[in-house]
Trainee: 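Sending over a structure as structure tokens; questions will come in a sec.
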Amino acid sequence: MISLGGLCALLLGGCAGGRHNAQNGPERDLAADRQKAMALFARAQDSQRSKHFARAEEQYREGLGYDKNISGAWNNYGIVLLEQGKYMDAVPAFGRAADLSPRDPTPYENMGLLYHRAGYAQEALDAYVRSLERDPNWLPSLRGATVCAK
């Protein structure tokens with residue numbers, strides 16, 4: 001028969017090896033993760049500028065694995081997906097960027113462009129309107145909304 005002290009030692013023994021976070025498993029070094037993410041995002045931007053969209057997609061995805069809370073990375077990830085015609089994957093990327101940066105009209109502008117390219121004028125107009133709700137003077141969304149309303 002195991003004593004109460006022995007039972008506690010058995011149950012708690014697995015936790016002695018290090019700190020544990022219920023959400024992420026063993027606690028991660030958030031500063032190191034952020035640094036890795038930013039380095040990957042910089043390389044992804046270089047790939048994107050060079051129109052190597054598949055490479056940029058991989059780099060953004062890997063970087064987002066280290067830090068999922070950078071709006072610009074989600075937005076750019078959506079752009080490289082859009083440029084490759086991966087519309088269904090780009091929509092949630094733009095949505096995440098919009099959630100992380102509630103005043104930035106750009107993610108909804110890009111979503112409007114995506115829907116416009118895909119031939120969904122009403123959805124494009126809706127996205128442009130959401131962009132304009134964030135900034136009523138955002139020229140790219142004003143232009144996009146005008147084109148979609150025709």
Side-chain angles (χ1 to χ4, degrees), residues 11-150:
L11 292 175
L12 297 175
C15 296
R19 297 185 304 191
H20 192 269
N21 180 326
Q23 277 185 326
N24 300 327
E27 251 184 52
R28 297 172 62 167
D29 183 349
L30 297 179
D33 285 354
R34 170 66 58 107
Q35 190 174 20
K36 289 175 189 173
M38 296 308 284
L40 285 161
F41 296 151
R43 287 196 303 240
Q45 286 177 321
D46 289 342
S47 297
Q48 186 176 353
R49 278 191 283 281
S50 301
K51 300 194 183 298
H52 296 289
F53 298 121
R55 184 182 322 142
E57 175 187 353
E58 291 173 23
Q59 292 164 328
Y60 280 122
R61 189 179 316 116
E62 186 178 351
L64 289 166
Y66 287 105
D67 191 337
K68 293 180 176 14
N69 296 313
I70 299 175
S71 175
W74 281 105
N75 189 63
N76 289 352
Y77 178 55
I79 290 169
V80 298
L81 293 169
L82 170 66
E83 291 299 331
Q84 296 176 86
K86 298 179 179 181
Y87 298 149
M88 295 299 290
D89 294 330
V91 170
F94 291 136
R96 180 72 175 139
D99 290 344
L100 288 170
S101 189
R103 293 186 177 160
D104 184 2
T106 309
Y108 285 119
E109 170 203 338
N110 289 329
M111 198 179 292
L113 176 63
L114 178 151
Y115 283 126
H116 181 75
R117 283 188 185 176
Y120 295 97
Q122 184 58 54
E123 289 81 356
L125 181 58
D126 293 343
Y128 285 128
V129 167
R130 290 187 79 178
S131 175
L132 292 168
E133 288 170 352
R134 292 175 174 212
D135 183 347
N137 299 312
W138 192 248
L139 192 55
S141 292
L142 285 168
R143 289 178 179 146
T146 302
V147 168
C148 291
K150 286 185 178 182

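On a predicted model such as this, the values are computed, not experimentally measured, just so you know. In what follows, every heavy atom counts, from backbone to side chain, and hydrogens, waters and symmetry copies are set aside.
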Trainee: Run the salt-bridge test on Asp46 and Arg49 with the 4.0 Å N-O cut-off and return the result as yes or no.
Mentor: yes

Trainee: Hey, is the main chain of Ala97 close enough, under 3.5 Å, to the side chain of Ser101 for a donor-acceptor pair?
Mentor: no

Trainee: For the side chain of Arg134 and the backbone of Ala98, is there at least one donor-acceptor N/O pair under 3.5 Å apart?
Mentor: yes

Trainee: How long is the gap from CG on Asn137 to CG on Leu142, to the nearest 0.5 Å?
Mentor: 7.0 Å

Trainee: So which heavy atom on Leu64 is nearest to which on Ala73, and how close?
Mentor: CD2-CB, 4.0 Å

Trainee: State whether a side-chain donor-acceptor pair under 3.5 Å links Arg96 with Asn69.
Mentor: yes

Trainee: Return yes when atom CD of Gln35 has more than 12 non-hydrogen atoms of other residues, nucleotides or ligands closer than 6.0 Å, and no otherwise.
Mentor: no

Trainee: With a 6.0 Å cut-off (strictly less than), is the heavy-atom count around CZ of Arg130, excluding the residue itself, greater than 12?
Mentor: no

Trainee: For Tyr115 and Gln122, test the side chains for any donor-to-acceptor distance below 3.5 angstrom and give the result as yes or no.
Mentor: no

Trainee: For Phe94, is there any backbone N or O sitting under 3.5 Å from a side-chain donor or acceptor partner on Tyr108?
Mentor: no

Trainee: When rounded to the nearest 0.5 angstrom, what is the spacing between CH2 in Trp74 and CZ in Phe41?
Mentor: 9.0 Å

Trainee: Quick one: pull up CE in Met111 and OG in Ser141 and give me the separation to the nearest 0.5 Å.
Mentor: 11.5 Å

Trainee: Taking the side chain as everything from C-beta on, heavy atoms only, tell me whether Tyr60 gets closer than 4.5 Å to Leu40.
Mentor: no

Trainee: Between CG of Leu113 and SG of Cys148, what distance do you get to the nearest 0.5 Å?
Mentor: 9.5 Å

Trainee: Should we count OH of Tyr87 as having more than 12 external heavy atoms under 6.0 Å?
Mentor: yes

Trainee: Working to the nearest 0.5 angstrom, can you tell me the gap between Asn76 CG and Ser71 OG?
Mentor: 9.0 Å

Trainee: Just jot down the salt bridge (Lys or Arg N to Asp or Glu O under 4.0 Å) partners of Lys36, sequence neighbours excluded, or say none.
Mentor: none

Trainee: Would you mind telling me which of Lys86, Gln48, His52 makes a side-chain hydrogen bond (donor to acceptor under 3.5 Å, both in side chains) with Glu57?
Mentor: Lys86

Trainee: Taking all non-hydrogen atoms of both residues into account, name the closest pair between Met88 and Pro92 and its distance.
Mentor: O-CD, 3.2 Å

Trainee: Going from CD1 on Ile70 to CG on Asp67, what distance comes out if it is rounded to the nearest 0.5 angstrom?
Mentor: 4.0 Å

Trainee: Could you please spell out the steps behind the salt bridge (Lys or Arg N to Asp or Glu O under 4.0 Å) verdict for Glu83 and Arg117?
Mentor: CA-CA 10 Å; Glu83 291 299 331; Arg117 283 188 185 176; 3.6 Å; yes

Trainee: If the condition is side-chain contact (heavy atoms from CB on, under 4.5 Å), which residues does Thr106 pass it with, not counting sequence neighbours?
Mentor: Asn75, Asp104, Glu109, Asn110, Trp138

Trainee: Looking at Arg103, I'd like to know if its CZ atom is crowded, meaning that more than 12 non-hydrogen atoms belonging to other residues, nucleotides or ligands lie closer than 6.0 Å.
Mentor: no

Trainee: Do Ile79 and Phe53 have side-chain heavy atoms sitting under 4.5 Å apart?
Mentor: no

